[in-house]
Every structure is written in structure tokens, then in C-alpha cells.
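Per chain, numbering begins at 1; letters A, B, ... match sequence-line order. As a basis for the values below, the full set of heavy atoms in this structure was taken, side chains included, without hydrogen atoms, waters or symmetry mates.
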Amino acid sequence: MPAIEITGLTKFYGKQRGIEDVHLTVKRGEVFGFIGPNGAGKSTAIRTLLGLLKPDGGSARILGHDVAKDGVAARARVGYLPSEISYYPEMTSRELLEYHAGLYGVKDVGAQMQELAEYFELDLDREIDDLSYGNKKKCAIIQSVLHDPEVLILDEPTGGLDPLMQHRFFDMLERLNAKGTTVFFSSHVLSEIQRMCSKAAVIREGKITAVEDITTLLSKQMKKVRMVLRESANFTLPEGAQNHHVSGLKHSFDFVGSTSTLIAWLNEQPLVDVTLSEPDLESIFMNYYQR
Amino acid sequence: MNKVLYLKELKRNRKNSLIWGAIVLGFTFMILSIYPSFAEMGEQMAQLMSKLPQEMARAFGIDDATWSSIIGFYATYYGIYITLLMGIFTASTGAAILGKEERDGTAEFLLTRPLSRRTVVNSKYAALFTLLLAIYAVQTLCAIGGIVLFGTTMDWGVFQAMHVHGFVLVVFFTGISVLLASFVAPKINFMGPVVGLIFGSYFLDAISKASDTVEFLGYLSPYHYLQLQAEKGVLEVNWGASAMLIGIAVIAMWAAKARYLKRDIAG
């Protein structure tokens, strides 16, 4: 049974498109990236998945529970970290977290709450109204994991966190994932997706344009090849090469295809030096986005 | 109903309830405490008031009984001010009970917990009626205490009937406000329209009593239907009108709930 299964999910705001015919499957134990620019439909998809928005079509299941018919059971097994944090300003973080645990019917969270607060350096007894945005985010992170969810849904999770806290946050995610927690990670910060996720979907204008393993996404993409030869040579470029430029003994070309084919071809050349530039996820994303 | 949410809702409204409770109690006690002074000059007051235009006296429910007995005196003020104050408190709380979480941005937190929207609404309605019953009960007890303290003779049957009508009015305004608020964008504060609704209802009834030509306006006001009925010389509750208004309030709250269950929650 998949952790998340979205089938043809569609949501319009009046005539304005939110998401359209979204299909996604996230396996249990996966760290799944959800990439897209602002306004692409990431938050709409998540808010529909969590029952805040009523879909115009399609369906979604979390751990087998239909979110429209059995949303309570689905949400009981989910931890959610929203992109924008709005909590009850008159409460302290401790009160909010106790309230959260109470709504989940979880008791005796004091020790775990304290441990997480120390890990993220959050003062639990300050009123939420007095907290900086970064500290509110820490409180939100703690509430998202306090009840030991099986699926974590994170919407732009690192906004407002300093680099040290981001590092701790990612460490925590890796530990949780190692214990079997599924992570659905929505972000437009591609380095985060690249670091954390094994698979990702790209959403553009409300539609999924690609769902790939991160390694496949990277390997499928163009590589920049720069080589310096010992002597001039007559060669035929490998299949998949294009944009060949020559400047004396320096050659450069773009290559799309199997890396092992490229390496074998390079091995036959009288090389002094060679540089292969891996595209970062940014350029891959732009590639998908421009399609 | 979810007990955690219910208690949280009570706590969240605690400060507002204490302030409104203090206002209502203070006003009730003040009215009753000044009655002995008016009673002493009852004859002069009656003469003075007899010079008021009949229409105005009728509109504001002022008659000979206003000055000759503590129940008449209390009834005049209860009808005008106390039900208005209690109505404004419970109706404004009711209008905000579902929309406030969206206005404050906390709806996303609440509705992503493992609670159905039905449970959320039921818990909030339960908290709302707890607050309504609390302010109503405390006001009634304060009035009984004040009457015992400052009155001489008292017709408790009329008092009881009057308070039943007061309760019906408060429930009616609360139900209607919850429904009207469900049609308004949650980000809008609904306090102003609530005050307008209650004052408007009161003045429609007052104007309809002042002149026969605008008598029809009274039919638009719940006050019109809640005149105590004289049965064999005894003033009694108008049970038919009370049941009708309570029924309208229940339907209004059910309709507001149905709308809430189906709609998108603002982010």
C-alpha cells in the first residue's frame, strides 16, 4: 500500500486553475520531492490532500485512507508542517504542543517535547506572539513530529530557519526516514530536494510534468564536456553529442546519453585533461519548466 | 464533540465572556438598585410619563406598571437593554465561532488534526451554548438577588415568563448571526452587522408599536412575537412563538454547519 496515492486530483478556484489531473504515488519509506515555482499548485495539492480544500475531481489516499471519506483516519497518521505559520498568539509553545497532542489523543509527550525543544533550541514557555518567525517554525517542526506520524508532509519547511537549524532539521528527517517515516517534501529550494529526496515530481501550472528518481533526473540530463587533447585528432563525436566547439586542441560539446558510453569514447581519445559538468537540479528543473 | 477543542474554545472566549458578563451583571444590579428611589416618587413619575406622547410610551414599553412595581420597572429595562446586551455578546461570539479560526489563520492548524469538520462545529457550538447559558443563568440569578434585595412584592410568574422570552431572543439572534456570518468572507469582522441586526430588530418592533400605519414592520422583528400573553388575567409565555423562533435558530445553525462542511478553508 502506498503512503500517498493521488489519482486525477483536480481543484479549481472558480474559473482559476489550482491543480489539474494530478497523479502521484509515494511509496512507504520514500523521501519524495515536490518541486515547482510559486503558484504552480504545490500548496493547493497539499491542502486538498489534507482536506482543507474540496476537490473538483479525482481522489487521494493516505496510507489507504480516502482523504475525502476517511480524512480523520488519514490525518491521524500524518504530520504536517505548513509553509505559513499561524498559531494562537496567546498560547505558549508548550501550551500549543500540549493542545496539539490532546487533539491527537496522545498523552505523556512532555519528555519528547522537551527533547525536541532542546534539540531545536526553542524556549517552550514563551508566548507564540513573542516568537520570531524562525522560532515559530521550530515550534511547527516539533508539532509535526510530536505524535510520531508515519507520513510527514512538509510545505516549504526550511523558510525562516538559520543554516544550523536547517542542518539539524535535515538530520532529524534522515533519522525519521531511517525508522520508516515517509516524507513528502514540497519546496522550490532545489538543493534541499537534491539533498533529501530519492524521487521527485515537478509541477508546473497545476499539472505534473515529470516524476523521476533524482538520480535518473540527473543522469538523463545533458552533460557539458570539456577536453584538451595532446595532439589534433580526427574523431567522430559519440551519439548524443551536439554543439561541438573547437579552439586549437580544446574541444567542448554537450552530451545527452549514457555516461558509460561517453567514458568509453573519451578513453579512446589522446586526452591531456577532461571536465564533465553535472547539471544541477536547477537547470534540470528549468528544463522541465520550459517544456 | 471533542472535549479538548471544547475546553480550548471556552478558554479562548474567557476574557470576552468575563467582560460582557460584568457589563450585564453591573447593569442588572444598577437598574434594580435604583428602583427604590423611583418607587418613592412613583406618583410623580407616572404623572411625568403620562405627558409623554402615547406612541413613544408604547414604543418603549413604558406604562403605569413601569413605576408602580419592581417587575414593571425591571421588565422595561430587561426588554430594552439586558436582552440587547446579552444578544450582542452571544450573537457576536456565535458569528465569530466558525470564522475566527480562518480570520486568525489558525484554521489550517485545527483542521489538519484528526478531527472531522462535523466534530469541530459541534464542539464549537457546544462551547457557544455553554457561554450563552452561563451568561443567561448568572444574569437571572443576579436579577433574582436584586429583586429580593430591593423589591417588596414580586410576581415571579411574570419574571419567569419574561426570562423565557429573553432566552428565546438570545438564542434566536445567536442562530441567525451564525448563519449570516457563514455567508460573509471569514476575514471580515462581523461584530458591526450583529449589533445592527439586534438594534434594528428592536427598533422595528418599537416603531411598529408607535403608529398603526407602520404596524406591519413589527412582523419583521422577533420582539413582536414575544409579547407576554394574558391568559385568564395572568401574563404567560407565548410558547408558540418561542418554539417557532427557537426552531428558526436551530435551522439557521444547521444550515451554517452544512455550509461549513462543504466549503474550502481559507489559507
> Counting only heavy atoms not in A/E127, do more than 12 fall under 6.0 Å of its CD?
Replying inline: yes
> In Å, rounded to the nearest 0.5 Å, how long is the span from NZ of A/K54 to CG of B/L261?
Replying inline: 7.5 Å
> What residues of residues 243-260 of chain B sit under 4.5 Å from chain A when you count only heavy atoms?
Replying inline: none
> Among B/N2, B/L5, B/L7, B/T119, who wins on heavy-atom pairs under 4.5 Å with chain A?
Replying inline: B/L5
> If you take all heavy atoms of A/S86 and B/G105, which pair is closest and at what distance?
Replying inline: CB-O, 3.1 Å
>> Can you confirm whether more than 12 heavy atoms, excluding those of B/F27, are under 6.0 Å from its CZ atom?
In response: yes
>> What I'd like to find out is whether the side chain of B/K11 reaches to under 4.5 Å of the side chain of A/E90, using heavy atoms alone.
In response: no
> Any donor and acceptor pair, going by atom type alone, linking the side chain of B/R117 with main-chain N or O of A/G51 inside 3.5 Å?
Replying inline: yes
> When only heavy atoms count and the cut-off is under 4.5 Å, which of residues 92-109 of chain A reach chain B?
Replying inline: A/E95, A/L96, A/Y99, A/H100, A/G102, A/L103, A/Y104
>> To the nearest 0.5 Å, what is the distance between OG on A/S83 and CD on B/E108?
In response: 7.0 Å
>> Checking the side chain of A/R47 only, and the main-chain atoms of B/I265 only, is there a donor and an acceptor separated by less than 3.5 Å?
In response: yes
>> As a quick check of understanding, evaluate side-chain contact (heavy atoms from CB on, under 4.5 Å) for B/L115 and A/V72, giving each step before the final call.
In response: CA-CA 6 Å; B/L115 300 173; A/V72 174; 5.7 Å; no
> B/K124: what forms a salt bridge (charged side-chain N to carboxylate O under 4.0 Å, His left out) with it, not counting sequence neighbours?
Replying inline: B/E9, B/E101
>> Let me confirm one number: the CZ-CG distance from B/R113 to A/L50, rounded to the nearest 0.5 Å.
In response: 9.5 Å
> Near A/Y13 OH, under 6.0 Å, is it more than 12 heavy atoms from other residues, nucleotides or ligands?
Replying inline: yes
>> Measuring from atom CG of B/D264 to atom CG of A/L53, what distance do you get when rounded to the nearest 0.5 angstrom?
In response: 4.5 Å
> After noting the C-alpha distance and the side-chain angles of B/F109 and A/Y80, does the key distance pass the side-chain contact (heavy atoms from CB on, under 4.5 Å) rule?
Replying inline: CA-CA 9 Å; B/F109 171 83; A/Y80 171 52; over 6 Å; no
>> Taking side chain as everything from C-beta outward and backbone as N, CA, C, O, which of these in B/K3 sits under 4.5 Å from a heavy atom of chain A? Side chain, backbone, both or neither.
In response: neither
>> With a 4.5 angstrom heavy-atom cut-off, is it the side chain or the backbone of B/D104 that approaches chain A, or both, or neither?
In response: backbone
> A/H147, A/R77, A/E84, A/Q143: which one forms the most heavy-atom pairs within less than 4.5 Å of chain B?
Replying inline: A/Q143
> Residues two or more places apart in sequence or in another chain: which of them pass salt bridge (charged side-chain N to carboxylate O under 4.0 Å, His left out) with A/D70?
Replying inline: none
